[in-house]
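Residue numbers begin at 1 in each chain, while the letters A, B, ... track the order of the sequences.
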Number of protein chains: 2
Amino acid sequence: MAKKTPTLSNPNVSVDCVVFGFDGSDLKVLLVERYRRDNLDFQDDTLVLPGDLINNNEDLNEAASRILYDLTGLTKIFLQQIGAFGSPKRLSKPKDIAWLEAVRMNPEARVITIGYYALINIKNYKVRPSSFAKHVVWRGYDEVGELGFDHNDILEKAIHDLRGQLYREPIGFELLPNQFSLHQLYSLYNEIMGGGIDRRNFRRRILKTGFLKETEEYQEGVPHKPARLYTLIPEEFEHASKNNFKFY
Amino acid sequence: MAKKTPTLSNPNVSVDCVVFGFDGSDLKVLLVERYRRDNLDFQDDTLVLPGDLINNNEDLNEAASRILYDLTGLTKIFLQQIGAFGSPKRLSKPKDIAWLEAVRMNPEARVITIGYYALINIKNYKVRPSSFAKHVVWRGYDEVGELGFDHNDILEKAIHDLRGQLYREPIGFELLPNQFSLHQLYSLYNEIMGGGIDRRNFRRRILKTGFLKETEEYQEGVPHKPARLYTLIPEEFEHASKNNFKFY
DNA sequence: AAACTTAGTGTAAAAATTACACTTTGAAAA
DNA sequence: TTTTCAAAGTGTAATTTTTACACTAAGTTT
């Protein structure tokens, strides 16, 4: 049996990323059409989370960063590990098997995957002229249908952890532009949490935390009273992130 | 190169368990002396968390359960995954390398490990007459020194997650006998949280949750007023576990 | 019988949370 | 230029939750 050229990638461990974006009103997830590395025309029109086998010399977070860089061209993305998914049956749907056989060197290998979620500002994202590019799609969180592999499980865990973390750490700003209105921030929280947050109380609370600074800038081009824009004060933000701070 | 007999275990993925126990006043962790599977006299007197490579046909939780069963003889242990640890350098201390070379089929293999924590009632645990037995030791959480591999990182993440979970889910009863006094429960919470909980307020709050039922039993053999014993009401407990309940 | 140890109970003050409605501002339409 | 529209922005009272804190009760040991 001719030995294939050695690869750096580890056949047993992959990383999959749930990339959340926010367009001002809806929480979105970045999905890719399953494709074939050496034949971009091959596809089985199944949507999956972006992911890849890890390389043997690379840390798990590095692998996730690499995947996100390939996908978006962005570096320094907010990343959070959500755990390992390792059911022996996680790759056993017929279409999944067919895809693995078409693409992987060891299609029968046991693969456990490490899930991550990432938060990115959707405006910073541009389709890259990379191999991924034409297969990428944003989907509203509520419109994500059945994904390949066990990726619906990973997505579910991601939203669960995101919600939990949003409650007690001041994350979520990664999803917004550098300057944002309180309404944008409110919409973000309200959307991720599934609604029900009082607008006025939210405003009071978030200002009381002290990690927002008002700027002298205002919204432009809106057909109503323009809202003041705010920025994050990084030091206060960091401080609040420790000391098991509870925001909401 | 002669091929070794095929093994079921996957060379790239392991599971390590932080086993917490409670003796009534101190939080303890179960550690094992690093040993050699085929030569129990071999040991390098380094303490590590109990763990093992996973088998290819086994789920991650199953692997953790298997390890805990081998170690304690207990089944149905409360288990919580805390995530994957995958630094390429995690097995690179000289002593770690020496041990791997003595024990593993592929000592140079990249191994990522999935961490778990487990809660067990220390009274139910008896040293098993197994290969593990003579290498097992309970250590007070505060007295755990330097462990092999990256196991101090895993321990740290475990206590962090345990504390977080204790705040918002009614776990921790696994560490106590079936019937327990409120003082025992209080001590447990106070110890895990690192102190500072008001005894009277704790009592009021935990009773208000409604998942404790008072029994007609009392402590015996204590040199003071005996405390009433309580049990958990499983249904209420389950109900509270969902609905992102916040206890403390 | 006295001393000791832990069990068990209540309340008042402070802080946090909730619910809720009207005025302001700028752009667009009439 | 006036009117309309849409979102920005602001305050308070009632309720609930949290906190801090000290004494009495009951059983065992001396």
How long is the line joining [atom1] of [X] and [atom2] of [N], in whole Å?
| X | N | atom1 | atom2 | value |
| --- | --- | --- | --- | --- |
| B/Tyr218 | C/dT5 | OH | P | 23 Å |
| B/Tyr186 | C/dT6 | OH | P | 13 Å |
| A/Arg228 | C/dG26 | CZ | C1' | 15 Å |
| B/Asn201 | C/dG8 | CG | C1' | 14 Å |
| B/Leu207 | C/dA7 | CG | C1' | 13 Å |
| A/Leu182 | D/dG9 | CG | C1' | 10 Å |
| B/Asp198 | D/dT18 | CG | P | 13 Å |
| A/Ile197 | C/dT18 | CD1 | C1' | 14 Å |

At less than 3.5 Å, do the side-chain atoms of A/Arg204 and the base atoms of D/dG9 form a donor-acceptor pair? no
Check if the side chain of B/Arg200 and the base of D/dA22 share a donor-acceptor pair of N or O atoms closer than 3.5 Å. yes
[X] side chain near [Y] side chain, heavy-atom distance below 4.5 Å:
| X | Y | value |
| --- | --- | --- |
| A/Gln184 | A/Tyr189 | no |
| A/Lys225 | A/Tyr218 | no |
| A/Val19 | A/Leu68 | yes |

Heavy atoms only, 4.0 Å cut-off, all strands: where does A/Pro223 land among base, sugar-phosphate and nothing? base
Do the side-chain N or O atoms of A/His224 get closer than 4.0 angstrom to the phosphate oxygens (OP1, OP2) of C/dT25? no
Under 4.0 angstrom between B/Arg205 side-chain N/O and D/dT19 OP1 or OP2: yes
Quick check: on DNA chain D, is the nucleotide nearest B/Lys208 upstream (toward 5') of the one nearest A/Tyr230, or the reverse? Name the residue that is more 5'. A/Tyr230
Specify the residue among A/Arg199 and A/Pro226 whose closest nucleotide of DNA chain C lies further upstream toward the 5′ end. A/Arg199
Which of these, B/Tyr186, B/Phe173, B/Tyr230, sits in a ring-ring contact (aromatic ring centres under 6.0 Å, His included) with B/Phe180? B/Phe173
Assess whether side chain to side chain contact (heavy atoms under 4.5 Å, CB included) is satisfied between B/Thr46 and B/Glu33, documenting all intermediate values. CA-CA 6 Å; B/Thr46 299; B/Glu33 278 177 32; over 6 Å; no
Looking only at C/dT6, D/dA8, D/dG11, the nucleotide nearest the A/Arg203 side chain is D/dA8
